[in-house]
A.B. asks: 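Sharing a structure, written as structure tokens. Questions coming.
Atoms considered below: every heavy atom in the structure, side chains included; atoms not considered: hydrogens, waters and symmetry mates. All values derive from a computational prediction rather than experimental measurement. Every chain is numbered from 1 and lettered A, B, ... according to where its sequence line falls, protein lines coming before strand lines.
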Number of protein chains: 2
Amino acid sequence: MNSAVAINQRARSAQQKAQRRRVVLDAAQAYFLEVGYEAFSMTQLAKKTGLVKGTLYLYFKTREELFLTLYEQSLIRWGQVFIARLADAMTSKAYAQSLYKTAVADGTFLPLLIRLEHVIEHNVSIPRLINSKRVFILQVGIVARSTASALNLSQAQATEVVKTMGVLLIGATRSDQGPSLNQEELPDDVQALIASFSSETLFVKNAVRIIEGIRAEGITDAERPKHASTSTT
Amino acid sequence: MNSAVAINQRARSAQQKAQRRRVVLDAAQAYFLEVGYEAFSMTQLAKKTGLVKGTLYLYFKTREELFLTLYEQSLIRWGQVFIARLADAMTSKAYAQSLYKTAVADGTFLPLLIRLEHVIEHNVSIPRLINSKRVFILQVGIVARSTASALNLSQAQATEVVKTMGVLLIGATRSDQGPSLNQEELPDDVQALIASFSSETLFVKNAVRIIEGIRAEGITDAERPKHASTSTT
DNA sequence: TTATATAACTGACCAACGGTCATTACAAGT
DNA sequence: ACTTGTAATGACCGTTGGTCAGTTATATAA
């Protein structure tokens with residue numbers, strides 16, 4: 001029990017403050033998984049940590065800076081999980097499926113990614129935003145490197161794949177963010193529509209089209225890959 | 001001056017009420033173009049119409065039902081503009097560029113589309129939501145029909161193209177929704193990142209890949225198109 | 001023309017939000 | 001034991017979306 005700060009004690013050293021910040025972040029992560037973005041209230045979070053709202057603002061300048069931090073964490077976490085599941089010479093379909101599944105499995109990554117630009121980034125200091133973008137650049141680089149060997153692409157092609165997958169992921173999982181219509185209270189035509197927007201198929205099919213498109217474009221350009229792994233139906 | 005209701009008069013007949021609803025919607029549209037989604041306040045909108053907040057809630061059950069109505073309008077409006085600009089036997093690139101430009105040009109369509117599932121639909125009555133989905137189904141059908149002849153695709157392929165374009169559009173224009181960083185206060189690496197996410201190129205390139213992917217898949221299936229229009233760089 | 005019933009409209013009100021800041025109280029240095 | 005810097009507090013602020021009992025304009029009946 002050297003530097004562990006009980007929640008009713010004051011965090012004075014830099015180390016203790018960092019630790020308290022962690023406690024808040026962990027509570028925020030759990031709370032976010034419970035209630036999601038819109039219902040997330042700073043007052044409630046304070047109660048969950050045993051602190052008080054004003055105190056939270058000593059550790060995060062705004063609600064959105066807290067969310068931005070959660071987002072960065074989830075981005076890194078997802079990247080590690082995804083890379084760990086990549087193998088050499090995968091089909092583009094297997095790659096896309098793995099990307100989709102790992103992203104969805106992380107309960108915070110997608111909800112935050114979707115709201116990044118049009119909500120979160122609008123209430124965040126410029127230096128904090130710059131930092132966040134750098135984290136992003138770094139992660140794209142890391143994931144792209146693994147992607148290059150998994151899909152047998154050049155580094156430039158792999159980078160393009162990774163960036164584009166992000167774009168597609170946001171669009172494709174959008175329908176999952178709608179209200180939960182558990183009941184069969186919907187008429188058939190609407191149910192059919194929703195079914196046709198099943199996010200997994202939507203993502204995987206188009207991811208394959210895009211990856212194969214990028215691969216094909218690459219052939220006309222520089223060096224051609226040694227042995228291309230082709231797509232599937 | 002038969003049934004026109006002055007703003008300080010009461011709307012009693014169904015016609016007059018419909019007309020007043022229109023007035024509110026038009027004011028809302030203009031106000032939305034001014035301030036966007038987050039800063040849009042019902043009290044302010046009431047002031048702009050010469051009414052009072054409570055009155056607005058006679059015409060729209062929630063703020064989000066108002067937004068949902070604006071969305072439907074913008075969807076229909078965009079569809080008309082887009083279709084009017086389509087020609088027979090276009091390249092997929094020209095098609096994608098036209099789709100992108102018309103969507104962006106309509107100032108309300110994209111901001112509302114982006115927030116549809118994860119914000120708007122969560123505070124809307126089920127019947128209202130069903131209605132909205134039906135409007136969507138209808139519009140997809142209409143646009144798909146024009147798309148089929150413009151891109152020389154089967155109706156099924158065209159429908160898939162249209163649906164997928166929506167998905168891609170949301171992902172690709174996400175970066176435009178970030179805070180306006182007019183200043184050159186950003187370091188070079190971050191500026192380069194933002195530049196690499198230029199939404200138009202991002203959208204057009206991937207739209208072409210997807211359209212060509214769908215076209216290629218179609219050939220192995222049923223009837224092949226009479227003369228395929230190929231893509232470009 | 002006048003009386004009555006209806007419902008469009010109002011504005012005061014509510015709870016909850018994110019965020020601020022003067023004040024308080026506690027841990028560390030002397 | 002005393003001093004001091006600052007972590008923590010909680011009362012407070014402005015604003016939000018939404019409600020509703022009461023008011024009053026107006027179409028209709030007498």
Side-chain angles (χ1 to χ4, degrees), chain A residues 1-24 27-28 31-32 35-68 115 119-120 122-125 128, chain B residues 2-24 28 31-32 35-70 115 119-120 122-125 128:
Chain A
M1 54 163 86
N2 40 16
S3 76
V5 221
I7 201 62
N8 54 356
Q9 273 187 7
R10 300 196 166 193
R12 310 217 37 152
S13 69
Q15 203 188 49
Q16 286 173 327
K17 293 209 274 183
Q19 185 187 107
R20 177 139 300 177
R21 198 181 136 102
R22 259 262 71 80
V23 168
V24 172
Y31 179 40
F32 186 89
V35 303
Y37 193 93
E38 275 71 25
F40 189 107
S41 129
M42 292 300 271
T43 309
Q44 278 306 310
L45 173 60
K47 281 185 184 153
K48 301 237 172 200
T49 57
L51 298 171
V52 117
K53 189 171 53 169
T55 310
L56 296 184
Y57 284 89
L58 297 178
Y59 293 92
F60 299 94
K61 282 215 269 294
T62 63
R63 182 179 181 253
E64 283 71 26
E65 294 214 355
L66 171 58
F67 282 137
L68 189 60
R115 290 164 176 90
V119 190
I120 299 179
H122 283 273
N123 201 8
V124 146
S125 69
R128 190 69 192 72
Chain B
N2 40 16
S3 74
V5 223
I7 203 62
N8 56 354
Q9 275 185 8
R10 298 193 169 193
R12 310 213 36 148
S13 69
Q15 202 188 53
Q16 286 174 327
K17 291 209 273 184
Q19 185 188 109
R20 176 138 303 175
R21 199 181 135 101
R22 259 259 71 80
V23 168
V24 172
Y31 179 39
F32 186 89
V35 302
Y37 193 93
E38 274 72 26
F40 190 106
S41 130
M42 293 298 272
T43 309
Q44 277 306 310
L45 173 61
K47 280 184 185 156
K48 301 236 172 200
T49 58
L51 298 172
V52 118
K53 189 171 52 170
T55 309
L56 296 184
Y57 284 89
L58 299 176
Y59 293 92
F60 299 94
K61 282 213 269 295
T62 64
R63 183 177 181 253
E64 282 72 25
E65 293 214 357
L66 171 58
F67 282 138
L68 188 59
T69 311
L70 285 184
R115 290 163 175 92
V119 190
I120 299 178
H122 283 273
N123 200 10
V124 147
S125 69
R128 190 69 192 72

A.B. asks: Are Glu64(B) and Arg128(B) within salt-bridge range, i.e. N to O under 4.0 Å?
C.D. replies: no
A.B. asks: Check whether the side chain of Lys53(A) and the base of dG10(D) form a donor-acceptor pair under 3.5 Å.
C.D. replies: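 In this structure, the two groups form no donor-acceptor pair.
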A.B. asks: Where the side chain of Arg20(A) is defined as all heavy atoms beyond and including C-beta, which of dA8(D), dG18(D), dG10(D) is the nearest nucleotide?
C.D. replies: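 Of the options given, the side chain of Arg20(A) lies nearest dA8(D).
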A.B. asks: Could you check which of dG19(C), dA8(C), dG11(C) has an atom nearest any side-chain atom of Glu64(A)?
C.D. replies: dG19(C)
A.B. asks: Could a donor-acceptor pair under 3.5 angstrom be found where the side chain of Arg12(B) meets the base of dA7(C)?
C.D. replies: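 Under the 3.5 Å cut-off, the side chain and the base do not form any donor-acceptor pair.
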A.B. asks: Can you measure Gln16(A) atom CD to dA28(C) atom P for me and round it to whole angstrom units?
C.D. replies: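 That distance rounds to 7 Å.
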A.B. asks: Starting from C1' on dC17(C), measure out to CZ on Arg63(B) and report it in whole angstrom.
C.D. replies: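 My rounded result for the distance is 13 Å.
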A.B. asks: Looking only at non-hydrogen atoms, find the nearest pair between Thr62(B) and Tyr57(B) and report the distance.
C.D. replies: CA-CE2, 4.1 Å
A.B. asks: Which nucleotide sits closest to the side chain of Tyr57(B): dT19(D), dA7(D), dG11(C)?
C.D. replies: dT19(D)
A.B. asks: Measure from CG on Leu56(A) to P on dT9(D) and round the result to the nearest Å.
C.D. replies: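 That distance rounds to 9 Å.
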A.B. asks: When the distance from CD of Gln9(A) to C1' of dC26(C) is rounded to whole Å, what number comes out?
C.D. replies: 10 Å
A.B. asks: With Leu66(A), which of Ile120(A), Leu45(A), Val124(A), Leu56(A) fulfils side chain to side chain contact (heavy atoms under 4.5 Å, CB included)?
C.D. replies: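 Result: among Ile120(A), Leu45(A), Val124(A), Leu56(A), Leu45(A) is the only option passing the side chain to side chain contact (heavy atoms under 4.5 Å, CB included) with Leu66(A).
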A.B. asks: To the nearest angstrom, how far is Leu58(A) atom CG from dT20(C) atom C1'?
C.D. replies: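 Distance, rounded to whole Å: 11 Å.
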A.B. asks: Closer to the 5' end of DNA chain C via nearest nucleotide, is it Lys17(B) or Phe40(A)?
C.D. replies: Lys17(B)
A.B. asks: What is the separation between atom CG on Leu45(A) and atom P on dG18(C), rounded to the nearest whole Å?
C.D. replies: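 After rounding, the gap between these two atoms is 10 Å.
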A.B. asks: State whether Phe32(B) and Arg63(B) meet the cation-pi test: NZ (Lys) or CZ (Arg) under 6.0 Å from the six-membered ring centroid, and within 45° of the perpendicular axis.
C.D. replies: no
A.B. asks: Do the side-chain N or O atoms of Thr55(A) get closer than 4.0 angstrom to the phosphate oxygens (OP1, OP2) of dT9(D)?
C.D. replies: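 True: Thr55(A) side-chain N/O within range (under 4.0 Å) of dT9(D) OP1/OP2.
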A.B. asks: Check the distance between dC17(C)'s C1' and Leu66(A)'s CG and give it to me in whole angstrom.
C.D. replies: 15 Å
A.B. asks: Please state how far atom NZ in Lys61(B) lies from atom P in dT19(D), giving the value in whole angstrom units.
C.D. replies: 11 Å
A.B. asks: Within the structure shown, what part of the strands sits under 4.0 Å from Tyr59(A) by heavy-atom distance: base, sugar-phosphate, or nothing?
C.D. replies: sugar-phosphate
A.B. asks: Of the non-hydrogen atoms in Ala11(B) and Tyr59(B), which two are nearest, and what is the gap between them?
C.D. replies: CB-OH, 3.8 Å
A.B. asks: Is the distance from OP1 or OP2 of dA27(C) to the nearest side-chain N or O of Arg10(A) less than 4.0 Å?
C.D. replies: no
